[in-house]
A.B. asks: 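Can you keep this structure in mind? I'll have questions shortly.
Sequence lines set the chain letters: A, B, ... in the order given, protein chains first and strands last, and positions in each chain run from 1. Values reported hereafter were calculated over all heavy atoms of this structure, with side chains retained and with hydrogens, waters and symmetry mates removed.
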Amino acid sequence: MAYVRWSRYFLPTWKEEPAEADLPSHVLMLRAGMIRPLAAGIYTYLPFGWRALRKVEAIVREEMDAIGGAELHMPVVHPAELWAKTGRLVDAGEILIRFQDRAGREMVLGPTHEEVVTDLARREIQSWRQLPLMLYQIQTKFRDEPRARGGLVRVREFTMKDGYSFHEDAADLDRYYPEVYRAYERIFRRCGLAPVPVEADPGLMGGSGSHEFMLPNDGGEDTFVRCTGCGYAANREGAVADKRSDPDEELRPLEEVATPGCDTIEEVASFLGVPPRRTAKAVFFRAGDRLAFVVIRGDLEVNEAKLARLLGTAELAPASEEEIAASGAVPGYASPIGISGPGVVIVVDDSIPGARNLVAGANKEGFHLRNVNFPRDFQASLVGDVALARDGDPCVRCGGTLRVRRGIELGHIFKLGTKYSQALGATFLDRAGQARPLVMGCYGIGIGRLLAAVIESHHDEEGIVWPASVTPFHALVTVLNPTAQPQLALATSIAAHLAQLGLDVLLDDRERTPGEKFHDAKLVGIPVLVVIGPRSLRKGEVEIERRRDGVRDVVSADLAAIQRSVGDLLRAEGG
RNA sequence: CGGAGAGUAGCGCAGCUUGGUCAGCGCGCAUGGUUCGGGACCAUGAGGUCGGCGGUUCAAAUCCGCCCUCUCCGACCA
């Protein structure tokens with residue numbers, strides 16, 4: 001294995017902070033010559049960044065192979081027709097970028113590959129004897145996200161490991177799913193990361209389970225909820241909080257009260273001198289061709305993801321004033337009492353049945369009702385949890401405190417069930433000779449995002465501090481004065497020797513001042529630095545420095561001693 | 001898509017309010033020289049249709065309009 005000479009490599013570093021970058025990983029990946037932007041959310045990986053990405057990939061590949069995965073490679077360009085068959089040509093919406101080929105055929109760039117892999121399975125899997133099967137790829141995806149952000153944390157074009165498992169029944173998927181879960185834990189641990197596994201919302205994907213691996217990070221693109229008491233953790237969309245019923249009290253009779261100009265909960269509550277949680281508010285959504293009239297305790301917010309799931313629809317949008325009025329409700333003073341209609345679904349959050357004598361709208365401009373009680377005064381089409389968990393809410397499991405945190409979603413695993421196999425007719429013959437749809441799981445990891453997360457977790461004020469497992473190079477050999485033949489010769493033989501041992505070695509043979517070379521070394525963050533300079537060389541020595549803490553070893557300038565020292569330091573880094 | 005901010009040399013920025021030696025600074029880059037252990041110094045030099053289009057004006061980086069791009073917050077996120 002050969003070493004790489006910096007003077008002939010392409011590793012352009014920046015001394016100054018780029019103005020456009022905010023997140024540490026984004027700043028450092030630009031400064032350390034790893035990536036360059038081409039357009040919003042679209043990046044070139046420069047050689048140094050690409051090396052790091054390949055290291056991460058290698059770990060992912062090893063762990064996927066270890067659980068029986070078979071790597072394949074599917075196309076980036078898909079016929080739109082295939083997406084139409086599963087309904088996602090519509091459901092995926094704007095993130096699915098579309099175009100026509102020269103013959104006018106509608107095509108898309110794949111944002112994910114359930115359709116393609118299921119189509120493949122449909123053609124190739126006929127018998128239970130071929131199951132279970134895990135196929136995966138590490139490949140480019142394109143999602144036309146409404147907002148790219150945070151460097152590689154959220155991009156439009158990205159490298160993703162996506163895996164798909166096929167099973168004869170749900171029980172076999174249930175058996176295999178934890179294996180993938182554990183493989184994911186190993187992958188992240190090997191990358192030096194400790195994400196929190198959170199229960200995720202299976203959403204409209206259906207299926208019986210899903211987990212996200214969230215790395216707590218204030219610059220993260222996602223939000224999750226975690227209990228400080230019991231470790232309960234969930235995606236924001238699915239997080240459940242304890243709503244604490246009110247103590248039982250006598251149901252008092254309805255009473256109309258004038259509340260002029262109070263068309264928000266805060267105004268009503270302060271006008272009447274009651275806390276917001278003693279009110280019921282009405283929130284309206286358009287759900288397809290129906291109007292959803294959501295009744296929820298006044299201090300809570302509606303979680304649209306939960307509502308969508310309860311209603312079984314993907315099309316959910318805030319209703320306009322006209323639509324609200326058309327249902328017979330008065331915006332600002334809407335009341336569930338007396339509302340009914342063929343197009344109206346009354347959804348009652350489960351905070352309402354446990355509450356007593358609430359203040360709610362009177363369906364009359366300027367008036368509210370006191371002592372509204374469910375179900376005495378109004379009925380519901382659906383009752384369920386549609387509330388957004390808030391920071392500080394009590395935990396449903398242990399009564400501890402929930403904390404809302406930002407995080408980077410490193411991976412997502414999913415029990416898909418038969419949604420795609422049914423839509424595409426991917427069936428097999430079971431042991432009884434019966435045709436059944438394949439039961440599927442899917443498992444994703446954003447490789448570039450994972451790389452960014454590594455840097456988020458492994459850097460200091462001066463630059464990246466690579467974990468040995470994913471560092472682009474294990475050792476950086478710096479010749480302070482490459483124009484001095486003996487120094488260069490020694491450095492070259494050290495680099496060659498270390499490379500021979502199987503290490504990835506970068507030789508900084510650039511004609512730069514020592515200061516620049518030391519600063520660049522810090523910036524690019526290679527774990528072990530071997531310094532060949534006149535000062536120590538006069539004593540027949542070289543210095544070996546560890547990036548993480550600056551610990552320095554001075555050894556005699558012979559290959560065996562250097563090899564030993566470098567080896568010791570790297571082993572201490574876990575590499 | 002809503003809110004906020006920004007586009008002037010490869011990078012970081014000043015100039016814009018008050019139109020007229022405002023095409024400038026620092027870093028970087030090139031050449032020569034002096035340096036050479038923690039982002040050196042001197043000299044010379046290259047590099048910009050001031051995001052684009054249109055308008056106002058004798059005159060526009062500067063004023064006006066439209067558009068494009070990028071960043072941040074939110075919405076969104078199989």
A.B. asks: Counting only distance, no hydrogens or angles, is the base of G28(B) paired donor-acceptor with the side chain of R31(A) under 3.5 Å?
C.D. replies: no

A.B. asks: Looking for any heavy atom pair under 4.0 Å, which part of the strands does R406(A) touch: base, sugar-phosphate only, or nothing?
C.D. replies: sugar-phosphate

A.B. asks: How many Å lie between CZ on R510(A) and C1' on G39(B), as a whole number?
C.D. replies: 11 Å

A.B. asks: Among G39(B), G37(B), U71(B), which nucleotide sits nearest the side chain of R535(A)?
C.D. replies: G37(B)

A.B. asks: Is it true that F213(A) and H211(A) have ring centroids separated by less than 6.0 Å?
C.D. replies: no

A.B. asks: Tell me which nucleotide among C70(B), G39(B), G37(B) gets nearest to the side chain of L480(A).
C.D. replies: G37(B)

A.B. asks: When both hydrogen-bonding distances must be under 3.5 Å and the geometry is Watson-Crick or G-U wobble, what is A23(B) paired with, if anything?
C.D. replies: none

A.B. asks: Per the atom types in the model, does the base of G39(B) pair as donor or acceptor with the side chain of D520(A) at under 3.5 Å?
C.D. replies: yes

A.B. asks: If the test is side chain to side chain donor-acceptor pair (under 3.5 Å), which one of R88(A), E115(A), E114(A), R122(A) qualifies with Y420(A)?
C.D. replies: R88(A)

A.B. asks: Just compare G38(B), G37(B), G74(B) and give me whichever is closest to any side-chain atom of R147(A).
C.D. replies: G74(B)

A.B. asks: Taking the side chain of E543(A) as its heavy atoms from C-beta onward, which of G37(B), G39(B), C11(B) lies nearest to it?
C.D. replies: G37(B)

A.B. asks: State which of G39(B), C77(B), C27(B) makes the closest approach to the side chain of E16(A).
C.D. replies: C27(B)

A.B. asks: What is the pairing partner of G65(B), taking Watson-Crick or G-U wobble pairs with both distances under 3.5 Å in any strand?
C.D. replies: C53(B)

A.B. asks: Would you please confirm or rule out a distance under 4.0 Å between OP1 or OP2 of G74(B) and any side-chain N or O of R149(A)?
C.D. replies: yes

A.B. asks: Scan side-chain atoms only and decide if N235(A) and E212(A) contain a donor-acceptor pair under the 3.5 Å cut-off.
C.D. replies: yes

A.B. asks: In terms of side-chain geometry, is the basic nitrogen of D218(A) or R405(A) positioned less than 4.0 Å from the acidic oxygen of its partner?
C.D. replies: yes

A.B. asks: Quick one: do R154(A) and E409(A) make a salt bridge, cutoff under 4.0 Å?
C.D. replies: no

A.B. asks: Reckon T513(A) has a side-chain N or O less than 4.0 Å from the OP1 or OP2 of A40(B)?
C.D. replies: yes

A.B. asks: Taking the side chain of P18(A) as its heavy atoms from C-beta onward, which of C77(B), G38(B), G12(B) lies nearest to it?
C.D. replies: G12(B)

A.B. asks: So does R154(A) get a side-chain nitrogen or oxygen closer than 4.0 Å to the phosphate oxygens (OP1/OP2) of U71(B)?
C.D. replies: no

A.B. asks: Of the options G37(B), C29(B), C77(B), whose atoms approach the side-chain atoms of R512(A) most closely?
C.D. replies: C29(B)

